[in-house]
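Quick caveat, the model's predicted, so the values are computed rather than measured.
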Amino acid sequence: MESNSEKKPYSIGLASSLFALALIIGFLYVTQSVVVPLLFAIILSITLYPIAAFFENKLKFGKAAAAIMAVIIAIVIISTLIWFIVHQSIIIGKDAVAIQEKVLAAVESIQNWIQSRFGLERSEVVQKMKEQGNNALENVGGYMSTAFGSIGSTLAGIILVPIFIFFLLYYRDFFKEFFFKAFKNTDNKKIHAVLKKIYDVVQSYCLGLVMVMGIVAVLNTVGLMLMGIEYAWFFGSMASLLMLLPYIGIAIGSILPALFALATKDSALYAVGVIAWFQVVQFLEGNIITPNIVGGKVSINPLMAIIAILLGGMIFGLAGLILALPMTATLKVIFDAIPSMEPIGYLIGEPEKEHLKRNATQELLQKWGIVRKPKVFFNQTMADSASVDPASSNNPDSKSE
């Protein structure tokens with residue numbers, strides 16, 4: 001009785017947990033200028049660790065030199081991608097006059113279609129377009145101020161991320177010992193296993209994402225080439241890079257080549273074909289490519305993934321959309337290792353096959369003892385045994401016995 005009286009009510013425990021969660025979210029939101037670069041650096045440092053280990057173990061570099069080489073390689077790769085995007089954008093910009101003329105011609109045909117379909121005069125359509133344009137221009141000032149206001153934090157992030165990556169690689173054993181000291185009451189082998197699993201999950205996600213992006217870039221480009229769309233490699237690669245935004249990246253990436261096809265081709269069917277092909281690629285990526293490359297190491301069910309992406313976007317904006325899945329996968333590993341948080345880790349993970357069967361509800365209730373399993377009737381058992389040995393049923397001596 002004394003233990004029950006000393007035990008806190010469930011409502012108080014729930015309220016304290018929610019309050020602590022709100023404080024953590026508020027802290028992350030306020031300190032996002034430091035937290036976001038740090039999170040990116042943690043993910044990238046885990047991805048770059050094999051490179052640093054190669055320089056240390058194979059080429060006999062020191063830890064500092066190996067970490068610097070890994071950072072330099074990452075900077076070179078990212079700079080090459082940025083140069084490719086800027087270079088192709090400049091080339092496409094040289095044809096801006098010709099593209100503008102075709103866009104105006106496309107707008108002219110759309111106006112004619114609207115006039116014949118809905119009976120709206122051309123002057124009314126133009127007026128509506130001008131009104132929408134004026135409304136957009138009124139908000140340009142706010143958009144520009146917001147964009148330029150974030151340039152400082154963006155530049156700070158670009159500078160901070162390589163520095164963070166270097167120290168995370170250089171001091172990695174120091175940080176590992178911190179976890180052993182921080183959780184003295186936990187078995188060190190369990191701590192080591194959790195850290196290793198986090199490493200495997202994040203690295204599988206990042207390296208798998210890079211491989212998937214490469215395959216998707218090739219598929220996008222091949223489809224655009226078959227349709228005769230110019231700058232196919234640029235549009236296909238851009239759409240694959242937008243896969244950093246889960247679920248919506250490829251769909252967003254199809255808009256630009258579709259508009260380009262609408263402006264440069266004689267028929268609007270090319271634009272429809274571009275969007276349709278990109279949707280096919282997205283279907284293949286989500287159902288065949290990613291499951292076979294990433295495998296079951298990053299096991300997050302789609303519902304929790306969408307919720308995580310929305311919450312990440314609310315807290316960190318665009319960066320939150322990119323960080324949502326790897327951070328959720330990391331949290332799942334941590335939750336699975338803590339007995340009190342294990343149900344939440346289970347909720348984040350993917351359901352098993354038995355949960356998706358037609359009679360899953362009945363089996364679930366039987367599993368947890370809510371309903372009893374159906375009894376096997378004695379008569380049915382006797383009938384089955386008689387059918388196994390028909391000779392004994394036809395023997396009159398056996399019946400008399």
Side-chain angles (χ1 to χ4, degrees), residues 16-17 20-21 23-57 61-68 70-71 74 160-208 296-300 304 308 311-312 315-316 319-320 322-349:
S16 60
S17 300
L21 179 62
L23 287 178
I24 293 173
I25 294 175
F27 174 78
L28 292 176
Y29 180 78
V30 172
T31 60
Q32 60 179 304
S33 59
V34 176
V35 171
V36 171
L38 180 59
L39 293 176
F40 274 113
I42 292 172
I43 293 173
L44 291 175
S45 64
I46 292 175
T47 307
L48 295 173
Y49 170 72
I51 299 176
F54 172 79
F55 281 103
E56 286 183 28
N57 301 327
F61 279 43
K63 273 193 173 183
I68 291 174
V71 172
L160 286 175
V161 169
I163 296 174
F164 287 160
I165 293 174
F166 167 76
F167 283 110
L168 288 170
L169 290 172
Y170 186 42
Y171 290 155
R172 60 181 182 271
D173 294 322
F174 172 74
F175 292 130
K176 184 180 291 185
E177 188 167 1
F178 159 76
F179 289 104
F180 293 140
K181 289 179 175 293
F183 303 98
K184 289 184 178 180
N185 296 329
T186 306
D187 185 11
N188 292 333
K189 292 182 179 180
K190 185 176 182 179
I191 296 174
H192 176 71
V194 171
L195 293 176
K196 187 178 185 305
K197 192 170 183 180
I198 291 174
Y199 168 82
D200 291 338
V201 166
V202 174
Q203 193 174 69
S204 297
Y205 175 80
C206 294
L207 296 180
K297 290 188 176 181
V298 185
S299 56
I300 305 173
M304 292 296 110
L311 291 176
I315 299 173
F316 296 137
I322 301 173
L323 292 169
L325 291 187
M327 297 309 302
T328 303
T330 302
L331 288 175
K332 184 186 183 307
V333 174
I334 297 173
F335 290 159
D336 288 341
I338 302 174
S340 60
M341 303 297 291
E342 190 175 356
I344 299 179
Y346 173 81
L347 182 63
I348 295 174

**Q** Would you call the rings of Y199 and Y49 parallel, tilted or perpendicular, taking 30° and 60° as the class edges?
**A** perpendicular

**Q** Give the minimum heavy-atom separation between A308 and A324, together with the two atoms involved.
**A** O-CB, 3.6 Å

**Q** side-chain contact (heavy atoms from CB on, under 4.5 Å) for L38 and L160? Distances and angles first, verdict last.
**A** CA-CA 8 Å; L38 180 59; L160 286 175; over 6 Å; no

**Q** With heavy-atom distances below 4.5 Å as the criterion, would you say the side chains of F316 and V35 are in contact?
**A** yes

**Q** Give, for atom CG of L48 and atom CD1 of I43, the distance between the pair rounded to the nearest 0.5 Å.
**A** 12.0 Å

**Q** Would you give the length of the straight line joining atom NZ of K189 to atom NZ of K196, rounded to the nearest 0.5 angstrom?
**A** 15.5 Å

**Q** Considering all heavy atoms of both residues, which atom of P326 and which atom of T330 are nearest to each other, and what is their separation?
**A** O-OG1, 2.9 Å

**Q** Considering all heavy atoms of both residues, which atom of A337 and which atom of P339 are nearest to each other, and what is their separation?
**A** O-CD, 3.7 Å

**Q** Side-chain contact test, heavy atoms from C-beta onward, threshold under 4.5 Å: evaluate it for F183 versus K190 and give yes or no.
**A** no

**Q** Within the structure provided, determine whether I46 and L168 are in side-chain contact (heavy-atom separation under 4.5 Å).
**A** no

**Q** Okay, side chain of E177, backbone of F174: is any donor-acceptor separation there less than 3.5 Å?
**A** no

**Q** Just verifying a value: how many Å separate F179 CZ and H192 NE2, rounded to the nearest 0.5 Å?
**A** 13.5 Å

**Q** Out of curiosity, Y205 OH to I300 CD1, how far, rounded to the nearest 0.5 Å?
**A** 8.0 Å

**Q** Could you measure the distance from the CE atom of M304 to the CD1 atom of I344? Nearest 0.5 Å is fine.
**A** 11.0 Å

**Q** Side chains of F27 and L23, heavy atoms from C-beta outward: is any pair under 4.5 Å?
**A** no

**Q** In Å and rounded to the nearest 0.5 Å, what is the CD1 to CG distance from I25 to L311?
**A** 7.0 Å

**Q** Answer yes or no: are there more than 12 heavy-atom neighbours, outside Y29 itself, under 6.0 Å from its atom OH?
**A** no

**Q** Identify the two heavy atoms, one from A66 and one from E56, that lie closest to each other, and give their separation to 0.1 Å.
**A** CB-CG, 3.4 Å

**Q** Measure from the side-chain N and O atoms of S45 to the backbone N and O of I42, and report whether any donor-acceptor pair falls under 3.5 Å.
**A** yes

**Q** Check whether any side-chain heavy atom of F61 lies under 4.5 Å from a side-chain heavy atom of I68, and answer yes or no.
**A** no

**Q** Relative to the ring of F166, is the ring of Y170 parallel (under 30°), tilted (30 to 60°) or perpendicular (over 60°)?
**A** parallel

**Q** Check whether any side-chain heavy atom of K63 sits under 4.5 Å from a side-chain heavy atom of D173, and report yes or no.
**A** yes

**Q** What is the minimum heavy-atom distance between Q32 and P37, and which atoms define it?
**A** O-CD, 3.7 Å

